[in-house]
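So the structure is just underneath, and the comments pick up after that.
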Amino acid sequence: MLMQLCKTNKLVIQINYSQLLTDYSIVKFSTTENYIKYGALILDEVGLKLSAKSIVFERGKSFYVLFDKNFISNIDLFKQLEKIEDGDKLSFKILDLNETKKIKQHSITQLVVNSIATPKHERLTYNNLTGKLYLFNTNHLRISKSKDKEQIFKIIGLEFYIDPNSCLQLNVKTFSNLLLNKSMDFSKKKMSAYPKYTFVHSTNTLRRILPSEKVSIDNQYILKQSIKKGTIEKSNIPFLDFSNLKEFKNSKIGILNDILNTINQKLSNYLQLDFKGTNIDHTIRHSNLFDFNNFDEDILLIDGIKDDYSNEYLESIKTELKKIIPNSRIKVSKAEDKYSFNIKLIHNKSFYLKYEHKDVYKPSLYIQHITLEDFKTNSKASLKAIVKELVIKNDINKNQVSIIDWSSFNFENNWIFGIRDKTDFYFLTIEPNGKIEFEKFESDLFNQNEYDELCDIYNENTNIEFIVKDDIGNVNIITRTNNYTIPEYQKISSILEKESREISITKSQVINAVNQVFDKEKASEYETQIISLENWNKDSLLNCFKNRIEKKKVVEKIQKDTGEILKSYFRDKTRYEILDSQLDIHSFKQDNSYYYFVGIKGKGIQQTISRASVIREITVYKNSEYIFDKLLPLMNVDFVKNGDLTVLPFPIKFLREWIKY
DNA sequence: GCTGGGTGGTTCCTTGGTAG
DNA sequence: CTACCAAGGAACCACCCAGC
């Protein structure tokens, strides 16, 4: 069950420089001006584009171009540059081996990778645009088919970007057709300032439009989103989908799998890309720690409206609440009571605004407000959220953790959690018995040293999320990184690919397996059914087995004997082999630093994992010891994030709540 | 049998600002 | 003219059942 190795998006890059320069020439263009006037356009203008394999920019002042060796040795680049406006401001240099080796690793890798071209017969796959590599997929086009005409109005692509730390980033980018210009905001940046792209049907790629060109508006795209109902739209490509091969290929990891295969096929002479793996040191599997059935406190429902309807409304809330927390005593009451859990019914903001009443909403640690207009009594999710918030508020009031049994963690020391909010620091101390204490830490004369020290910690890295201390002064600092974990995409791809193939085994092979798996009676029953099947395919075969346990038995037997995959089972216990990088809580040590990541709950996973698991780094402050491993169970709760594991220890939630009041 | 409502934390998509 | 970074905020998820 313990995962051995986990891939991360950090790339291990090997470049065969001498082979690269045997086949290609790399030219660096730069300007003495502030920027290159035509930037990416230059290559198109000069006609060099015909043989330029790829471009990558360093910044706006210089860029590298990969040329075929034969081409560049036969062309007088000077003469080409003379032809263009301001070409004399632009200088270039054909790089030798040493100079090539000096290019930053992420830039040279990106340059080589950018050179993979789309095969002519495929529509929109790889596209080197303005120094970037976009991966396209026809399933991510937004097309309208009115008036017998197919109009692509959005092209959603995945940018394959190797960041300065040589980590792979897969960024979603949306190109919108200019026909949508009425629903775009050009107040901050004029439409004319955006680079324009056009879809070229002959090459099936996007390319920049030259200033001299006239392209009709319905084939012009810019990198910008449209606005719908006053808010900006957002495109989304799920991180991983293993429902079937098609959905997999549409997901980020599926797209990644495809491009890595292409890179291996076409560029293996020059480049080897691997993801850095890491050994997992510590794993915590999800288990439910908070149970609504255990909740047995008094709840008061307070009527802040007092009209004909509101009392009835509260009564219905009472009925619904009773179902969720059967062991609590719920009363409709006139006034709140400091010693109970108060839920107060009021109107929402717009109601008070509309009727020019004073809004009675006052944030309070004793009262959870609900609004008549927005709160749905029959929503279990919202009722649960209310109860959960009440418990947390009550815990903060009473200075005692009760939402889960803190003493069950068997801590032997106090833990101190700290976060920064604007210029102040806030601390929460929790004793082994769950007693808590909050503290706002402002700068004053007496604590200046400690305050300055905290500021130093925070100023060193802007991405710090929180710090933890034990009571003997060990400090661990937690920051979000740009890294995420990568699942076993090759295995997933291979299994889904096999699953999607036509059936290759014969009926008699299946019958043979059925006979080995089931007793005589059952086997012969299935045998007649299988023999009489008219359409011999995986679906029809699988439909013979009504019971999914029996279905799985046959699928596994056949896979073992013949290698044929009738159906994939990623969600069963094998998930911990292939998908563990996306599941539950893990920590590891790498190159003298400590890291952790939290995925989705392993039990009962769905077929889509919409987001990556972000890796967080734990920095050990000065001479401190690494203490965070003991706190990993504090993420093993699903009450903070409504069904999902929380990514930060749950006391951080307490701290943020306390700051609000 | 399928869709959608409802919750808030978190991720990540988009944009703007600034440096080179 | 583009890379890089940070800020802001939309969309996502689970879970479960009402309502079509």
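Please read all numbers here as calculations on a predicted model, not as lab measurements. In the text below, chain A, chain B and the rest are named by the order of the sequence lines, each starting its count at 1.
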Protein-nucleotides 1-4 of chain B N/O pairs closer than 3.5 Å?
none

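- A/Asn482 places its CG atom 11 Å from the C1' atom of B/dC12, with the value rounded to the nearest Å.
- Taking the centre of each ring, A/Phe63 and A/Phe29 come in below the 6.0 Å mark.
- Rounding to whole angstrom units, CD of residue A/Gln582 and C1' of C/dC13 are separated by 15 Å.
- Per the geometry, CD1 belonging to A/Ile386 stands 9 Å off C1' belonging to B/dT7, to the nearest Å.
- Within 4.0 Å of A/Thr608, counting heavy atoms only, lies no atom of the nucleic acid at all.
- At the heavy-atom level, A/Lys252 lies under 4.0 Å from the strands shown only through sugar-phosphate atoms.
- When A/Thr8, A/Asn165, A/Asn9 are each tested for a side-chain hydrogen bond (donor to acceptor under 3.5 Å, both in side chains) with A/Asn483, only one passes: A/Asn9.
- Aromatic ring centres of A/Tyr426 and A/Phe438: separated by at least 6.0 Å.
- A close approach under 4.0 Å does occur between a side-chain nitrogen or oxygen of A/Lys132 and OP1 or OP2 of C/dA3.
- As a whole-Å value, the separation of A/Lys224 NZ from B/dC13 C1' is 13 Å.
- Distances were taken from every side-chain heavy atom of A/Val172 (C-beta onward) to each of B/dT14, B/dG20, B/dT10; the shortest belongs to B/dT14.
- The separation between A/Glu159 atom CD and C/dA3 atom C1' is 11 Å, rounded to whole Å.
- A salt bridge is defined here as a Lys NZ or Arg NE, NH1 or NH2 lying under 4.0 Å from an Asp or Glu carboxylate O, and A/Glu58 with A/Lys28 meets this definition.
- Each of B/dT10, B/dT15, B/dG16 was ranked by its minimum atom distance to the side chain of A/Thr646; first place goes to B/dT10.
- Distance, A/Ile253 CD1 to B/dC12 C1': 15 Å, rounded to whole Å.
- Of the listed residues (A/Phe175, A/Tyr197, A/Phe160), just one forms a ring-ring contact (aromatic ring centres under 6.0 Å, His included) with A/Tyr134, and that residue is A/Phe175.
- Between A/Val598 and A/Gln368, the residue anchored nearer the 5' end of DNA chain B, judged by the nucleotide with its closest heavy atom, is A/Gln368.
- Taking the centre of each ring, A/Phe417 and A/Phe466 stay at or above the 6.0 Å mark.
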Test A/Ser402 against A/Val391 for side-chain contact (heavy atoms from CB on, under 4.5 Å), laying out the working first.
CA-CA 8 Å; A/Ser402 79; A/Val391 174; 4.1 Å; yes
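- In this structure, the CE atom of A/Met191 is 17 Å from the C1' atom of B/dT15, given to the nearest Å.
- Distances shown here put a side-chain N or O of A/Arg480 below 4.0 Å from the OP1 or OP2 atom of B/dT11.
- Taking only side-chain nitrogens and oxygens, A/Thr174 comes nearer than 4.0 Å to OP1 or OP2 of B/dT14.
- For B/dT11, one of the phosphate oxygens OP1 or OP2 lies less than 4.0 angstrom from a side-chain nitrogen or oxygen of A/Arg616.
- In this structure, A/Glu657 pairs ionically with A/Lys653, as a charged nitrogen and a carboxylate oxygen lie closer than 4.0 Å.
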Base-contact (B) and sugar-phosphate-only (S) positions in nucleotides 4-12 of chain C, heavy-atom cut-off under 4.0 Å, - elsewhere:
S-S--BBBB
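- Rounded to whole Å, atom C1' of B/dT15 lies 14 Å from atom CE of A/Met184.
- By the stacking rule of 5.5 Å between ring centres and under 30° between planes, A/Tyr35 stacks on the base of C/dC1.
- At a threshold of 4.0 angstrom between heavy atoms, the contacts of A/Lys653 are confined to the sugar-phosphate backbone, with no base atom among them.
- One N or O on the side chain of A/Lys196 and one on the backbone of A/Tyr194 form a donor-acceptor pair closer than 3.5 Å.
- Shown are A/Lys234, A/Lys154, A/Glu233, A/Lys173; of these, the side-chain hydrogen bond (donor to acceptor under 3.5 Å, both in side chains) with A/Gln225 is made only by A/Lys154.
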